[in-house]
Undergrad: 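I have a structure I would like to understand better, so I am pasting it below and will then ask my questions one at a time.
All residue numbers refer to positions in the sequence shown, counting from 1. Atoms within each ligand, like the ligands themselves, are counted from 1 in listed order.
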Amino acid sequence: MASLENLSAVHATLLVGILLECFVALGWLLAAGLLLPMRRASLHWAGFAFLQGAAFFVYLISGNWAGFPAHAAANMLLVAALVLQVRGLQRAMGRPPTDSLFIALLFCAGVVQVVWLAHEQSAWRMAAISALASGISAWTGATMLRCVRHEDARAPRLLALVLSAPSVIGSALFAMRALLVLQAPERIIRDDRLDQSIGMPGALLWLFLSLGMALALVGVVLYRLQRKLSQAATQDALTGLPNRRAADDFLAHEALRAQRRGTPLSALMIDIDFFKKVNDQHGHAAGDHVLQTLARLLQERARATDLVARWGGEEFLVLLPDTSPAGAREVAEQLRLAVQNTPFCWQQSPVPVTVSAGAATWTSGPFHANALIASADSALYQAKNSGRNRVCVAADNALHLALPGGRSVEPRRA
Ligand SMILES: Nc1nc2c(ncn2[C@@H]2O[C@H](COP(=O)(O)OP(=O)(O)OP(=O)(O)O)[C@@H](O)[C@H]2O)c(=O)[nH]1
């Protein structure tokens, strides 16, 4: 290894790379201990950083070992590191890793080393490994994009592009390297003989790319954790529907729009009839299954602009923007009939399920969210009291009578 006095700029860069990768690997090991849902992914990325650090180390010591095929060793480490990076991303997405492909890639890299091991063939070796690394990096970039965008189409496109950029740039650079090597193979063979394994531009580029990739992985983890947290805060765990908090936010937002545009806003409160009996006769798991099936059914029949939420227990709230009292009654009746005509089953036994619904509509005047919900709720209890499996609509003045101290949402001034 170079002594401190004659430490060249390349050596210094490689040393920085080793230290950086050690810190990154330690960081991921720490994350594996702390972020349980991301444990496996973090362990993979610790391996990714460690192998990259090892590749930097190989270049650092290569000058001391005449004839040591530094490129070959470093490239093998790099391919293994890149494979671990993609595998970690697949783990982060909760997908089974494509192990056969990874094994095939590593096998190919190994074969390339063995077939073109001689110095005279180092250009071919470098070109093949660079092409392989380019392919894996492109795959990493694509997986990174999917990791952010696939499960959440509303995820910011720019964020997805920024996070996948280091891998895409890496892929392009590896491809360029493969082409340059094939264009001037004599230079590579000469450099390899002289043990000039890596130059300053190469070392710096590699260092920045490694840093970029590490930051991109941190970005993916932060994005996914933030998404999980916001999901947990706004999604009902059993049915996957928006929960009460999300319904409140939607209602406040839609109320402002309705007031600004002067369009009606309707709410349906839907409750399963005699649900206690389902639990008592078939068990709690059967009750959960009925809730999940009903949630799916309601969601499938809702318009893209409506919101179906689990209000609590066996009660669902459907918010219908731009829907008149007559329209709300019609939607509620369609949903009631759909439930009545859907065969619910639990362990091959039929479970009869019907629902009652109450509808209320805001059409004009100050908006009280609590009054709209309370009106839909009292219409629901009217439906329950008049025999169940039916729809009742709140009277026109119900909103004014309900909850005078309710939350008021004033229209935003243009
Ligand atoms: N399985 C299951 N049951 C739930 C859940 N949340 C609430 N329940 C049950 O829902 C039942 C509600 O019963 P009640 O309020 O008496 O209403 P009901 O039996 O549907 O009668 P009506 O509404 O008057 O037709 C209770 O037995 C609760 O335990 C849940 O998440 N899963």
Side-chain angles (χ1 to χ4, degrees), residues 228-251 266-302 306-320 328-361 369-395 398 402-403:
K228 271 201 162 94
L229 278 177
S230 83
Q231 257 178 10
T234 57
Q235 201 176 43
D236 171 54
L238 179 69
T239 59
L241 288 181
N243 63 14
R244 199 167 175 149
R245 176 196 291 221
D248 274 340
D249 289 348
F250 183 89
L251 187 54
S266 293
L268 308 179
M269 198 58 91
I270 298 176
D271 187 282
I272 304 176
D273 298 325
F274 301 119
F275 188 56
K276 192 172 179 309
K277 261 196 207 162
V278 176
N279 276 333
D280 292 348
Q281 286 177 3
H282 302 271
H284 207 265
D288 284 354
H289 175 70
V290 167
L291 288 170
Q292 286 167 329
T293 313
L294 178 62
R296 246 193 331 271
L297 186 151
L298 296 177
Q299 184 101 75
E300 278 165 12
R301 278 166 176 72
D306 299 342
L307 180 94
V308 180
R310 185 169 179 207
W311 193 245
E314 81 294 21
E315 222 172 13
F316 294 84
L317 174 70
V318 184
L319 293 171
L320 308 163
R329 178 191 281 278
E330 197 183 318
V331 174
E333 191 56 35
Q334 280 169 4
L335 293 175
R336 184 193 69 76
L337 275 173
V339 175
Q340 182 182 285
N341 297 331
T342 300
F344 286 72
C345 281
W346 176 250
Q347 293 174 341
Q348 274 97 44
S349 318
V351 182
V353 176
T354 60
V355 292
S356 301
T361 304
N370 290 352
L372 180 67
I373 301 296
S375 301
D377 223 17
S378 51
L380 166 67
Y381 282 97
Q382 208 182 319
K384 290 270 180 187
N385 289 334
S386 48
R388 294 182 174 80
N389 191 19
R390 67 193 58 217
V391 173
C392 280
V393 179
L403 289 180

Undergrad: Between D288 and ligand 1, does any nitrogen or oxygen pair lie at a separation below 3.5 Å?
TA: yes
Undergrad: With no hydrogens and no angle check, do the side chains of Q292 and R296 hold a donor and an acceptor under 3.5 Å apart?
TA: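 Distance-only check fails for Q292 and R296.
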Undergrad: To which of E315, K277, E314, Q292 does the heavy atom nearest atom 14 (P) of ligand 1 belong?
TA: E314
Undergrad: Is there side-chain contact between T342 and V339, with heavy atoms separated by less than 4.5 Å?
TA: no
Undergrad: Show which atoms of ligand 1 fall inside a sub-4.0 Å distance from at least one heavy-atom site of G287.
TA: 1 (N)
Undergrad: Can you tell me if H289 contacts ligand 1 (heavy atom of the residue under 4.0 Å from the ligand)?
TA: no
Undergrad: With distance as the sole criterion, is a donor-acceptor pair present between the side chains of N243 and Q235 under 3.5 Å?
TA: no
Undergrad: Evaluate N279 for polar contact with ligand 1, using N/O atom pairs at a separation under 3.5 Å.
TA: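 Among all N and O atoms of N279, at least one is under 3.5 Å from an N or O of ligand 1.
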Undergrad: Run L251 and D249 through side chain to side chain contact (heavy atoms under 4.5 Å, CB included) and show every step you take.
TA: CA-CA 5 Å; L251 187 54; D249 289 348; over 6 Å; no
Undergrad: Looking only at distance, does I272 have an N or O less than 3.5 Å from an N or O of ligand 1?
TA: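 It does: an N or O of I272 is found under 3.5 Å from an N or O of ligand 1.
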Undergrad: Need the ligand 1 atom indices (1-based, order shown) with element for anything under 4.0 Å from a heavy-atom of R388.
TA: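 Contacts of ligand 1 toward R388, numbered from 1: 22 (P), 24 (O), 25 (O).
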Undergrad: Measure from the side-chain N and O atoms of R301 to the backbone N and O of L335, and report whether any donor-acceptor pair falls under 3.5 Å.
TA: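 No; zero donor-acceptor contacts below 3.5 Å.
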Undergrad: Around atom 23 (O) of ligand 1, find the nearest protein heavy atom and jot down its residue, atom name and distance.
TA: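 The closest one turns out to be K384 NZ, 2.9 Å.
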Undergrad: Verify the distance criterion only: is there a donor paired with an acceptor across the side chains of D273 and T354 at less than 3.5 Å?
TA: yes
Undergrad: Could you list which atoms of ligand 1 come closer than 4.0 Å to a heavy atom of D271?
TA: 23 (O)
Undergrad: Starting from atom 7 (C) of ligand 1, locate the nearest protein heavy atom and write down its residue, its atom name and how far away it is, to 0.1 Å.
TA: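 Sorting protein heavy atoms by distance from atom 7 (C) of ligand 1 puts G313 CA, 3.6 Å first.
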Undergrad: Answer yes or no: does an N/O atom from F274 fall short of 3.5 Å to an N/O atom of ligand 1?
TA: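 So ligand 1 has an N or O lying under 3.5 Å from an N or O of F274.
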Undergrad: Does an N or O anywhere in L291 fall below 3.5 Å from an N or O of ligand 1?
TA: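 In fact, backbone or side chain, L291 has no N or O that close.
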Undergrad: Determine whether more than 12 heavy atoms belonging to other residues, nucleotides or ligands lie under 6.0 Å from atom CZ of R245.
TA: no
Undergrad: Give me the residue, atom name and distance of the protein heavy atom closest to atom 13 (O) of ligand 1.
TA: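 Here the nearest protein heavy atom works out to K276 CB, 3.8 Å.
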Undergrad: Do W346 and H282 have ring centres separated by under 6.0 Å?
TA: no
Undergrad: Keeping S356 on the side-chain end and A383 on the backbone end, is there a donor-acceptor pair under 3.5 Å?
TA: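 Not a single qualifying donor-acceptor pair exists.
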